[in-house]
There are 2 protein chains.
Amino acid sequence: MSDHEQPPLPPNSRLSGDALPPVEQHAQQYETVRNAHETELIEDYVELIGDLLRHRGEARAADIASRMAVSQATVSKMIRRLNELGLVTSRPYRSLFLTEEGHKMAETSRARHDIVLHFLRALGVRDNTARIDAEGMEHHVSDETLAIMRRFTEKHQT
Amino acid sequence: MSDHEQPPLPPNSRLSGDALPPVEQHAQQYETVRNAHETELIEDYVELIGDLLRHRGEARAADIASRMAVSQATVSKMIRRLNELGLVTSRPYRSLFLTEEGHKMAETSRARHDIVLHFLRALGVRDNTARIDAEGMEHHVSDETLAIMRRFTEKHQT
DNA sequence: CAAATAGTTTAACCTTGGCTAACAATTATT
DNA sequence: AATAATTGTTAGCCAAGGTTAAACTATTTG
Ligand SMILES: [Mn+2]
Ligand SMILES: [Mn+2]
Ligand SMILES: [Mn+2]
Ligand SMILES: [Mn+2]
């Protein structure tokens, strides 16, 4: 047992990092992240389809593929999944459309995405960086934090 | 007839939400998120092992399993992977240790995690919520945003 | 109209990250 | 010392999310 550089437990324990949280709380952190990962991609697809419909009038698989930088085969498979989940309707070789439920998810996701993006910009993050960070962060921001971000952005209007 | 070329800049769709970013920029958002997902779990494991070593003096697979709320089999498989990646050394039934490279990754990850956590608290997010959000957000925060968060937290010391 | 091009789907494959069940090794208890 | 409990490994399973290659359908163009 190399007791080489064992931690000397500094008297001022604030020297490096926080203490370990209790096991149950710590476990809840990771579980919440795993849950978010399960819905993350679905949300991004549905949100993008909603955005394409709103801004372009139609949402084709090829557009999704190029905007997501993913193969068309990947999109095709995912569309089948979205269909099974009752989020989109699709006829072969036609534009996709959102179901009522899909539309609701798209709206919610877009609203959340916008709050995070606008918050980052209000903080002073450059636009391109803010867009990249928001795309990942959005799925891990609680309602509580979201509300605080929204208020912060309002107060810091430019 | 997809958006191959530059966006024709729609007339006046300022009614709800932002405009669609150019295809390449949009694609970069999703690509960055996918890349982050590839390293995310590894970082969490290495960071947790580092924390256990620092606070407990040893890092056992069983502790990781309970703190991550995951089966021991899952941890065992992941440890083999961390070993192959040269991030940890392990002898059966003994504590794990970090390699030089693993130690470096643990430090970097912990520092980033702390910046995000402290930032959320400085923003006014309750501690438990901040911990949960930080666990997921940390992997999607750019260096630029991280620097801004650090400065913000310093300025808003309580 | 025929041919070329663009869009979509399917099949076969891969890696990650979970799980359970069975077994093996170590450590603790009686 | 024997047994029980804890800890760790292995095998086999699964779903998600990617890939290429090939086939099929629709649209555009010569
Ligand atoms: Mn989004
Ligand atoms: Mn996203
Ligand atoms: Mn972390
Ligand atoms: Mn994390």
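Lettering follows sequence order; numbering is per chain, from 1.
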Q: Tell me which of B:A61 and B:K77 sits closer to the 5' end of DNA chain D, going by the nucleotide each one is nearest to.
A: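 This one resolves to B:A61.
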Q: Rounded to the Å, how far apart are B:M78 CE and C:dT15 P?
A: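 In whole Å, C:dT15 P lies 15 Å from B:M78 CE.
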Q: Can you check the B:Q72 CD to C:dA21 P distance for me, whole Å?
A: 15 Å
Q: May I ask you to verify if any side-chain N or O of B:R80 is less than 4.0 angstrom from the OP1 or OP2 atom of D:dT10?
A: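 The answer is yes; a side-chain N or O of B:R80 sits under 4.0 Å from OP1 or OP2.
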Q: So, are A:E154 and A:R150 salt-bridged, with charged N and O less than 4.0 Å apart?
A: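 Answer for the salt bridge query: yes.
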Q: In Å and rounded to the nearest 0.5 Å, what is the CD1 to CE distance from B:I49 to B:M105?
A: 11.0 Å
Q: Report the residue (B:Y45 or B:Y93) whose heavy-atom-nearest nucleotide on DNA chain C is the more 5′ of the two.
A: B:Y45
Q: Among the candidates D:dG18, C:dG7, D:dT9, find the nucleotide nearest to the side-chain atoms of B:P92.
A: D:dT9
Q: So if I take every side-chain heavy atom of B:A73 and compare against D:dA11, D:dG18, D:dT7, which nucleotide ends up nearest?
A: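 Closest nucleotide among those given: D:dA11.
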Q: Has B:R60 got a side-chain N or O lying under 4.0 Å from the OP1 or OP2 atom of D:dT7?
A: no
Q: Can you measure B:H139 atom NE2 to C:dT16 atom P for me and round it to whole angstrom units?
A: 18 Å
Q: Starting at CG of A:L82 and ending at C1' of C:dT9, how long is that distance when rounded to a whole Å?
A: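 Whole-Å distance recorded here is 16 Å.
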Q: Looking only at the aromatic ring of each residue, does the gap between the centers of A:H118 and A:H156 stay below 6.0 angstrom?
A: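 No, the ring of A:H156 stays outside the 6.0 Å limit from the ring of A:H118, centre to centre.
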Q: Please determine whether a side-chain nitrogen or oxygen atom of A:T74 lies at a distance below 4.0 Å from atom OP1 or OP2 of D:dT19.
A: yes
Q: Working to the nearest 0.5 angstrom, can you tell me the gap between A:L82 CG and A:K77 NZ?
A: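 A:L82 atom CG to A:K77 atom NZ measures 13.0 Å (nearest 0.5 Å).
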Q: Mind checking if B:V75 touches a base, just sugar-phosphate, or nothing, with heavy atoms under 4.0 Å?
A: nothing
Q: To the nearest Å, give me how far apart CE (A:M68) and C1' (D:dG18) are.
A: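 After rounding, the reported distance stands at 13 Å.
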Q: Sort out for me which residue in B:D127, B:D114, B:D133 forms a salt bridge (Lys or Arg N to Asp or Glu O under 4.0 Å) with B:R121.
A: B:D127
Q: Within this structure, what is the CG-to-C1' distance between A:N35 and D:dA16, rounded to whole angstrom?
A: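 Result: 15 Å.
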Q: Roughly how many Å is it from CD1 in A:I79 to P in D:dG18, rounded to a whole number?
A: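 It is 13 Å, rounded to the nearest whole Å.
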Q: Take the protein atom CG of B:L41 and the nucleotide atom C1' of C:dT15, then report the distance between them rounded to whole Å.
A: 13 Å
Q: Counting just side-chain N and O atoms, does A:S71 come under 4.0 Å of either OP1 or OP2 of D:dT19?
A: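 Answer is yes, contact under 4.0 Å.
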Q: Judged by each residue's nearest nucleotide on DNA chain D, which is more toward the 5′ side, A:R94 or A:E38?
A: A:E38
